[in-house]
Amino acid sequence: MSATNTRHQTNGLARLRQTTGGELLAEFLGTAILILLGCGSVAVALAGLPGSGRQTADFGPANWLIIAFGWGLAVVFAVYAAGGVSGAHINPAVTLAMAVRRAFPWVKVVPYWIAQVLGAFAGAAVVYAVYYEAINAFLQEAGTQKSGDVASFSIFATFPAEYFGNGIWGPLVDQIVGTAILVMLVAALIDNRNQAPQSNFGPWAIGFVVTAIGLSFGTNAGYAINPARDFGPRMLAWVAGWGEAAMPGNGDWFSNYWWIPIAGPLVGGVLGILIYDFFIGQVLIARETPFGVEAPPPGRVPEPTGEAGTKTSSEEPISESRPPQTSTSE
């Protein structure tokens, strides 16, 4: 290969990384890290510890703590890895919510989604390769075949709790509510007008949000709260031989479940950003004061300002029974 061709290829890669292509690479890797550590924690709790000889007694509900904190830490380090390049959406619901908010270009939404799903698939493939023997030992111990086995499939993707039966609305509402909480709190944590974390602590705070959702809303439907997190590993599980448990998502008490962890989070993400902006975001905008005017402390209503942006004088003090009127400007 000539030096000229090498230089052209290098320049092409540089241009790719400087544009949206670089953001897509970051979303791919960030989502892959999310799945590597998240699905890896489920593999540890389900198959790794019991089959390795390192677990001398049944952990019972404590296994859920491994999973909840595993996913929370997975989010932390995925955001640290990709945040400086792509914003670390690592979740199609977040990408859609930011676009609805007009804080993200619509033209990038589908490319981000594709990168996120591919990253999730790749991360799940690595988890499957690493835990291949552990999964086979788990299946052998349980005396079941991989195809259709929901328990081992749960390492990769989600399914609804038995008490929902074959109902749709329970799991769907769960995914809407869980993702709305996620996006609403992410919006709060990245809003510098509010009390955003300082000193690069933001990824930890977001990870704690995911941990909290897992501990409080996780058992209904596995708290996918992320279409890529569920669909990418689900496709890997389908390719790897889990059959109908993966696609279309059939089990003893549920059927055709695959679309719920996609539709629910997308709806919930939009609701979450709208709720935050209505109750907090627009309030912060309304409280913004002109340059040179001291902003009121939290919990205080701003004093009225004149057209020049200075505080207007008042002939009489404002009584608590008559709240001050704030001026508005377009």
Side-chain angles (χ1 to χ4, degrees), residues 34-36 38-52 55 58-61 63-64 66-68 70-71 117-175 178 214 217-265:
L34 171 69
I35 300 304
L36 278 170
C39 288
S41 72
V42 183
V44 165
L46 182 75
L49 279 174
S52 67
Q55 179 176 312
D58 186 8
F59 282 7
N63 279 342
W64 194 252
I66 296 175
I67 294 169
W71 279 109
V117 171
L118 291 177
F121 183 94
V126 174
V127 171
Y128 179 61
V130 170
Y131 280 100
Y132 180 81
E133 287 82 4
I135 292 170
N136 286 339
F138 174 85
L139 292 169
Q140 184 176 0
E141 177 69 19
T144 59
Q145 298 295 318
K146 180 189 295 184
S147 180
D149 183 68
V150 173
S152 56
F153 161 74
S154 68
I155 291 174
F156 300 101
T158 63
F159 61 91
E162 291 190 45
Y163 45 72
F164 287 126
N166 198 29
I168 291 175
W169 289 108
L172 185 62
V173 170
D174 172 84
Q175 288 300 288
F217 289 93
T219 56
N220 272 340
Y223 74 110
I225 58 177
N226 180 337
R229 170 265 174 275
D230 190 87
F231 188 67
R234 184 179 294 274
M235 293 307 297
L236 182 278
W238 180 70
V239 170
W242 269 273
E244 290 190 353
M247 286 297 291
N250 293 341
D252 291 340
W253 62 91
F254 60 94
S255 61
N256 200 37
Y257 184 76
W258 69 273
W259 64 273
I260 291 179
I262 297 175

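For reference, positions follow the sequence shown, starting with 1.
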- Message: Between Arg229 and Ile35, is there a side-chain heavy-atom distance shorter than 4.5 Å?
- Response: yes

- Message: If I compare all heavy atoms of Gln175 with all of Pro265, which pair ends up nearest, and what's the gap?
- Response: OE1-CG, 3.7 Å

- Nearest-0.5 Å distance that lies between atom CG in Asn166 and atom CG in Asp252: 11.0 Å

- CA sep, side-chain torsions, deciding dist, call: Thr219, Trp64, side-chain contact (heavy atoms from CB on, under 4.5 Å): CA-CA 9 Å; Thr219 56; Trp64 194 252; 4.1 Å; yes

- Message: Taking CD in Gln55 as the centre, count heavy atoms belonging to other residues, nucleotides or ligands within less than 6.0 Å. Is the count above 12?
- Response: yes

- Item | Asn220-Tyr163 side chain donor-acceptor pair, cut-off 3.5 Å | yes

- Item | Ser41 versus Gly38, closest heavy-atom pair with distance | OG-O, 2.6 Å

- Message: Run Ile260 and Ile168 through side-chain contact (heavy atoms from CB on, under 4.5 Å) and show every step you take.
- Response: CA-CA 8 Å; Ile260 291 179; Ile168 291 175; 4.1 Å; yes

- For the residue pair Val150 and Phe254, establish whether any side-chain heavy-atom pair is separated by less than 4.5 Å. yes

- With rounding to the nearest 0.5 Å, note down the distance linking OG in Ser152 to CD1 in Ile135. 7.0 Å

- Task: Could you pull out the closest heavy-atom pair between Pro160 and Trp253, with the gap in Å?
- Result: O-NE1, 2.9 Å

- From CH2 (Trp238) to CZ (Phe156), nearest 0.5 Å: 15.5 Å

- Looking only at heavy atoms, the pair that brings Asp230 and Ala157 closest together is OD1-CB, 3.6 Å

- Note on the structure: Output for pair (Tyr257 OH, Leu172 CG), nearest 0.5 Å, gives 8.5 Å

- Apply side-chain contact (heavy atoms from CB on, under 4.5 Å) to the pair Ile155 and Tyr131, showing each step before the final yes or no. CA-CA 10 Å; Ile155 291 174; Tyr131 280 100; 5.9 Å; no

- Item | Short side-chain to backbone donor-acceptor contact, Trp71 and Ala224, under 3.5 Å | no

- Query: Would you say the side-chain atoms of Arg234 pair up with the backbone N or O of Pro248, donor to acceptor, closer than 3.5 Å?
  - Reply: no

- Message: If we ignore hydrogens and angles and just use 3.5 Å, is the side chain of Asn256 paired with the main-chain N or O of Gly249 as donor and acceptor?
- Response: no

- Query: Does Lys146 reach the main-chain N or O of Ala240 with its side chain, forming a donor-acceptor pair under 3.5 Å?
  - Reply: yes

- Query: After noting the C-alpha distance and the side-chain angles of Phe153 and Asp149, does the key distance pass the side-chain contact (heavy atoms from CB on, under 4.5 Å) rule?
  - Reply: CA-CA 6 Å; Phe153 161 74; Asp149 183 68; 6.0 Å; no

- Message: For a quick test of reading the model, state the closest non-hydrogen atom pair linking Gly243 to Ser147 and the distance between them.
- Response: CA-OG, 4.3 Å

- Query: Mind checking whether Phe231 and Trp258 have parallel, tilted or perpendicular rings, split at 30° and 60°?
  - Reply: tilted

- Query: Looking only at heavy atoms, which two atoms of Ala221 and Thr158 are closest? And how far apart?
  - Reply: O-CB, 3.3 Å

- Applying the side chain to side chain contact (heavy atoms under 4.5 Å, CB included) test to Val42, which of Asn63, Ile67, Val127 qualifies? Ile67

